[in-house]
Number of protein chains: 2
Amino acid sequence: MNAPLTAASPLLTLDVGLRALFAPRLAGDAGAGWAHAPGGRSKVSGMDDPTPSSNIADTIFRDLRRQILVGELAAGQRLPGERDLASTYKTNRNTLREAVRKLEQARLVTVRHGQGVTVSDFKKTGTMDLLSPLLEAGGSLHEVIHILEDILPAREQVLEFATRMAVRRADRSDIERLTGITDLLITAFETKDGALIGKGFHRWLEALIDTGHSTAIRWIANPFLDAYRDLLEKYPALWVLEGSFPTYLRETINALADGDEERAILASRKYYQRVDREFVGLLKSVIQPEAQPQP
Amino acid sequence: MNAPLTAASPLLTLDVGLRALFAPRLAGDAGAGWAHAPGGRSKVSGMDDPTPSSNIADTIFRDLRRQILVGELAAGQRLPGERDLASTYKTNRNTLREAVRKLEQARLVTVRHGQGVTVSDFKKTGTMDLLSPLLEAGGSLHEVIHILEDILPAREQVLEFATRMAVRRADRSDIERLTGITDLLITAFETKDGALIGKGFHRWLEALIDTGHSTAIRWIANPFLDAYRDLLEKYPALWVLEGSFPTYLRETINALADGDEERAILASRKYYQRVDREFVGLLKSVIQPEAQPQP
DNA sequence: ATGGCTGAGCTGGTTCAACCAGTATGGCTG
DNA sequence: CAGCCATACTGGTTGAACCAGCTCAGCCAT
């Protein structure tokens, strides 16, 4: 890659992460440092349930979804009949149908009475909801990298938009909340513990999005946050955190407090362009190792 | 509103559309002028099925979804048991469960074995998939307008991003396709037939998004296109088309052909800021008629 | 020979009646 | 009073039967 990194600010754990990304699941949890703050949420318990999903229908749903997302079941192809599928999965038709209903709702198949179930072309008709399951499905390396390359600029757009709205609509309590998380996060950054920082950054992003006070932003950002969280759980060591990470956080907070929209956008753009450039470069060097540059 | 409209370019059918938006469904179809082009699609038949949805489970799903989206079922609230719900809807438990599976997949409820079904806070945890059903559900006027005000800038961001990627990645065939649709559309614009223009514009947007050759863009844009199409079907006369519409189309195409990214973005930004400003102004004047400006 | 009807056999849609399995709760027991 | 446990909720699973839309082979009439 063209732009050399400052020796003092290497990409944190990136190559470890890349190796982990396509390797069996890693165990490990980096302590309870980022437990939920006692926010004003209702009795909604939060997303800290381990979700064992011993659910048969759900298991089948996930399996079929995976098969579709990695291309084992191609678009336009017809699924076996419900009776056949049920016996394949050693269950009954009712349970199997629940799985099919979920596939249908996820736009992965279309069901027509008398004609069977056909796989949809999810690349055409899907939505960002598929991002997390797609990364989780882990198709071919090439495929995943292509999708990621595609997603990264979109993510940057979303983040810029979220940042913009946050600057416009932040109130005092938003800024306090974000400042608090930022301080914790910068402290955590010193530990170089990828999983811990990852969780903290997730909270930071959530707070930033909340600060926009916009349902639209939340809805756009949620699939990205989901994908982030899922990947974080699977590959705690993955997170690409460039050396300027604390600077980015501070710049954003300061611009937020000053109401300086352009400065906040600039900080975001600068940071993510850096990170993404490195990330894409590394991804490409995984595909074509001969093109790998000298450090 | 501050900026007066040029007398020669009134908002096409806007107040008719606003009236229609909160009135019973209008009938009418503006001819087959926008039939699908014989594209290279596989056997996927397209989205021109009337979708009668006589499906019981789906009907229940839609009804419960509507109740949740308009707030009749509040977040955190528990649904009646499956046995009760089944008898309420005069059906059996299996069919009802299929509806609940869809609600679960749509993130509108969470189901926990032994504890029942609870309504989720979709404003926090939802995704853009909910946009179309939310508008369809038609909650309080105030609510819908608030959401729309929130969505419009997001839509503009998405369109700008789509435009940007289209300019970067357009090839000759993309430009030919878009030019063809543009010519048709501008001709159709003379007819002032809202439904016809609406359909044509939908095709134009699809072509623009295809031109980006990016799965990410498609996935982000799809919920917006869905909402657009659904509203178009329900309120054929709605579409807000400002007088500069043909100019916007031409500018975009020309910039695309020249590879001039900034010019394309500028055309998009200028046009949608105009349209959205008028739209929001009108929406607000519906809420507070006393604030309505003089023409 | 050709056109249209018809029924057999696919598909998903719906119903029923049981039973299995988590979760809360209140009353009983130590 | 503390702790257990029967019980009565909740959703999860099962299997069988039947209803309904669709396709197509094959028959019948033109």
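Heavy atoms only: backbone and side chains are in, while hydrogens, waters and symmetry mates are out. Nothing here was measured: the structure is a model prediction, and the numbers come from that model. Protein chains get the first letters and strands the later ones, always in sequence-line order, with residue 1 at the start of each.
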What's the CD-P distance between A:E82 and C:dT14, to the nearest Å?
11 Å

Whole-Å distance between C:dT11 P and A:L96 CG?
13 Å

Just checking, is any N or O donor in the side chain of B:N55 or A:H113 under 3.5 Å from an acceptor N or O on the other one?
no

If you only use heavy atoms from C-beta on, which nucleotide in C:dT14, C:dG13, C:dA18 is closest to the side chain of B:R93?
C:dA18

Of the listed nucleotides D:dT10, D:dT13, C:dT15, the one nearest the side chain of B:R78
D:dT10

Output the rounded distance in Å from CZ (A:F61) to C1' (D:dG12).
18 Å

Looking at every strand, decide which applies to B:V100 at a 4.0 Å heavy-atom threshold: base, sugar-phosphate, or nothing.
nothing

Of the candidates C:dA24, D:dT14, D:dT10, the side chain of B:D84 sits closest to D:dT10

I want to check one thing: is the phosphate of C:dA24, taken as OP1 and OP2, less than 4.0 Å away from some side-chain N or O of B:Q115?
yes

Do the side chains of B:D129 and B:R107 get close enough for a salt bridge, i.e. N-O under 4.0 angstrom?
no

In whole angstroms, the gap separating C1' of D:dG12 from CD of B:E98 amounts to 14 Å

Can you check whether A:N92 has a side-chain N or O nearer than 4.0 Å to OP1 or OP2 of D:dG15?
no

Partner of D:dC1 by Watson-Crick or G-U wobble geometry, both contacts under 3.5 Å, or none?
C:dG30

Would you mind reading off the distance between A:Y89 atom OH and D:dT14 atom P, rounded to a whole angstrom?
14 Å

To the nearest Å, how far apart are B:N94 CG and D:dA17 C1'?
13 Å

Short side-chain N/O contact from A:T95 to OP1 or OP2 of D:dT14, under 4.0 Å:
yes

When rounded to whole Å, the CG to C1' distance for the pair A:N55 and D:dT10 reads 14 Å

Compare the aromatic ring of B:H113 with the six-membered base ring of D:dG12 and state whether they stack according to the 5.5 Å and 30° rule.
no

Between A:K124 and the options B:D210, B:T215, B:N222, the side chain to side chain donor-acceptor pair (under 3.5 Å) test singles out B:D210

Between NZ of B:K90 and P of C:dT15 the distance, given in whole Å, is 12 Å

Residues B:R101, B:E104: salt bridge by 4.0 Å N-O rule
yes

Are any non-hydrogen side-chain atoms of B:I151 and B:M128 less than 4.5 angstrom apart?
yes

Counting heavy atoms from C-beta on, name the nucleotide in D:dT10, D:dT23, C:dT14 closest to the side chain of B:R83.
D:dT10

OP1 or OP2 of D:dG12 less than 4.0 angstrom from a side-chain nitrogen or oxygen of B:R97, does that happen here?
yes

